[in-house]
2 protein chains.
Amino acid sequence: MSGKEIRRSMPLFPIGTVMQLTELSARQIRYYEEHQLISPARTDGNRRLFSLNDIDKLLEIKDLIDQGVNMAGIKQLFSVKEQQAVVLEKQSEKAKPELTDEQLRNLLRNEIMHSGRLNRSTLRQGDMSRFFH
Amino acid sequence: MSGKEIRRSMPLFPIGTVMQLTELSARQIRYYEEHQLISPARTDGNRRLFSLNDIDKLLEIKDLIDQGVNMAGIKQLFSVKEQQAVVLEKQSEKAKPELTDEQLRNLLRNEIMHSGRLNRSTLRQGDMSRFFH
DNA sequence: ACATCATGTTAGATTTTCTAACATGTAAAA
DNA sequence: TTTTACATGTTAGAAAATCTAACATGATGT
C-alpha cells in the first residue's frame with residue numbers, strides 16, 4: 001500500500017462539499033458516522049474532513065439504502081468486503097511477487113471493482129473513481 | 001473538453017485544505033487571487049472553493065516565486081502558456097480528427113506537460129496531477 | 001397502539017473564513 | 001541613503017460553516 005491509496009485516504013473535503021457531491025444531508029452523513037460506516041478525520045477545531053475513500057463509501061451507502069439495506073446490513077457488508085479485499089491482496093502477493101507495486105494495485109483494483117468488493121458495478125450514482133481516471 | 005477537465009475545474013476545497021496542500025499562507029493565496037493569477041469559485045456565503053486546477057496553479061506560482069519571478073511575470077507566463085495550449089489544441093484537432101475525445105486529451109496532456117505549458121517538468125513540488133495519475 | 005429506525009429541524013456554541021487596514025523586511029530607484 | 005514598491009505578516013470585527021445535543025416526525029414492524 002502507498003501512493004494512490006495514501007491519496008485516496010487523505011482528508012480534504014469539508015462536509016459542505018461532501019453534501020453536494022453525494023446529495024446526502026449533513027444529518028445523514030453524521031448519522032452514518034455515528035453508526036461507524038465512515039470515520040472522517042477532524043481538524044484541530046473538530047470539523048470533519050473527508051477523504052475520497054469516505055466519499056466513495058457514502059455513495060455506496062446511499063445506494064444500499066436505496067435498495068432497502070439498513071445500517072446493520074451495510075456494516076456487515078462493509079466488513080465482509082474488507083475481508084475479501086485482504087484475502088485478494090494476499091493472493092495477489094503470492095501469485096505474482098515479481099510485479100510492480102503499480103501493476104499489483106491495478107490488478108487488485110480490477111478484481112475488486114468487478115467481482116468482489118460490494119458489487120461496485122451496481123452503483124448507479126457516479127463514484128469517486130472518476131476523480132482518478 | 002469534458003470529463004477530466006470538468007472534474008479538474010470543479011470547486012471542492014476550502015482555503016484551509018489548500019493551505020496545507022500547497023504550504024502557502026491564506027494571505028499569499030488571497031494575494032495571488034487579487035492579482036488574478038487564480039480565480040477560485042465562491043460558496044453562496046462568499047467562502048472560496050478551489051479546484052484541482054487552482055491548486056496546480058498555486059503550486060506553479062510557488063515554484064516561480066521561488067525562482068524570483070514576480071506577479072507580473074507569472075501573469076505573463078500564464079497567459080502565454082494559455083495561448084500555447086489553445087494553439088496545440090487546434091493543431092491536434094486538425095491533425096487527427098478521427099481520435100477519441102479521450103485520446104485527444106491524453107495527447108494534448110502529454111504535449112503540454114512536456115514541451116509547452118510552463119515547463120511543468122521543472123516543478124519540484126509535487127503537483128496535483130498525482131491526484132489523477 | 002407502540003417501538004424503532006432514519007431523517008428533519010432547531011438552538012446555541014465554536015471554528016473557519018472573509019475583508020480591510022496597518023506593519024514590516026527587502027530590494028530597486030532616486 | 002532615503003524613498004518606493006512589492007510580497008507577506010498580523011490584527012480586528014463580521015459573517016458563514018460546522019458542531020453537538022435535543023426534540024419532532026413519518027414509515028415500518030410487532
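Keep in mind that the numbers below use all heavy atoms, side chains included, and drop hydrogens, waters and symmetry copies. Every chain is numbered from 1, with letters handed out A, B, ... down the list of sequences.
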key: Whole-Å distance separating the CD atom of B:Glu33 from the P atom of C:dT17   = 14 Å
Nearest-Å distance for atom pair CZ/C1', residues B:Phe13 and D:dA17 = 18 Å
Test side-chain contact (heavy atoms from CB on, under 4.5 Å) applied to B:Met10 and B:Asn53, step by step = CA-CA 8 Å; B:Met10 189 174 290; B:Asn53 276 333; over 6 Å; no
query = Whole Å only: how far is the CG atom of A:Leu49 from the P atom of D:dA17?
reply = 16 Å
inquiry  = Within 45 degrees of the ring normal and closer than 6.0 Å to the centroid, is that where the cationic atom of B:Lys75 sits relative to B:Phe78?
reply    = no
key: Nucleotide of D:dT20, C:dT19, D:dT18 approaching A:Pro14 most closely (side-chain heavy atoms)   = D:dT18
task = Round to the nearest Å and state the distance from B:Ile29 atom CD1 to D:dA7 atom P.
result = 16 Å
ask   = Starting at CE of B:Met19 and ending at P of C:dT16, how long is that distance when rounded to a whole Å?
value = 11 Å
query = Atom CG of B:Asp44 to atom C1' of C:dC18: distance rounded to whole Å?
reply = 15 Å
Taking only N/O atoms, report every protein-nucleotides 3-10 of chain C pair under 3.5 Å with atom names and distance.
unit_1 : atom_1 : unit_2  : atom_2 : d
C:dA6  : OP1    : A:Met71 : N      : 3.1
C:dA6  : OP2    : A:Tyr31 : OH     : 3.0
C:dT7  : OP1    : A:Gln28 : NE2    : 3.0
C:dT7  : OP1    : A:Tyr32 : OH     : 3.1
C:dT7  : OP2    : A:Tyr32 : OH     : 2.9
C:dT7  : O4     : A:Arg27 : NH2    : 2.9
C:dG8  : OP2    : A:Ser25 : OG     : 2.5
C:dG8  : N7     : A:Arg27 : NE     : 3.2
C:dG8  : O6     : A:Arg27 : NE     : 3.2
C:dG8  : O6     : A:Arg27 : NH2    : 2.9
C:dT9  : O4     : A:Arg27 : NE     : 3.4

Connected via hydrophobic side-chain network under 4.5 Å: B:Leu24 and B:Leu52 = yes
key: Member of B:Thr17, B:Leu21, B:Thr22, B:Ile15 meeting the side chain to side chain contact (heavy atoms under 4.5 Å, CB included) criterion with B:Phe50   = B:Ile15
task = Choose from C:dC18, C:dT16, D:dT20 the nucleotide whose nearest atom is closest to any side-chain atom of B:Ile15.
result = C:dC18
Rounded distance in Å - CZ (B:Arg48) to C1' (D:dA16) = 13 Å
message = Can you see if the side chain of B:Arg47 gets near the phosphate of D:dA15 - specifically, an N or O under 4.0 Å from OP1 or OP2?
response = no
remark   = One should read off an interatomic distance between A:Ile65 CD1 and A:Tyr32 OH, to the nearest 0.5 angstrom, of 3.5 Å
ask   = Out of A:Val18, A:Leu12, A:Ile38, which one pairs with A:Ile55 under the side chain to side chain contact (heavy atoms under 4.5 Å, CB included) rule?
value = A:Val18
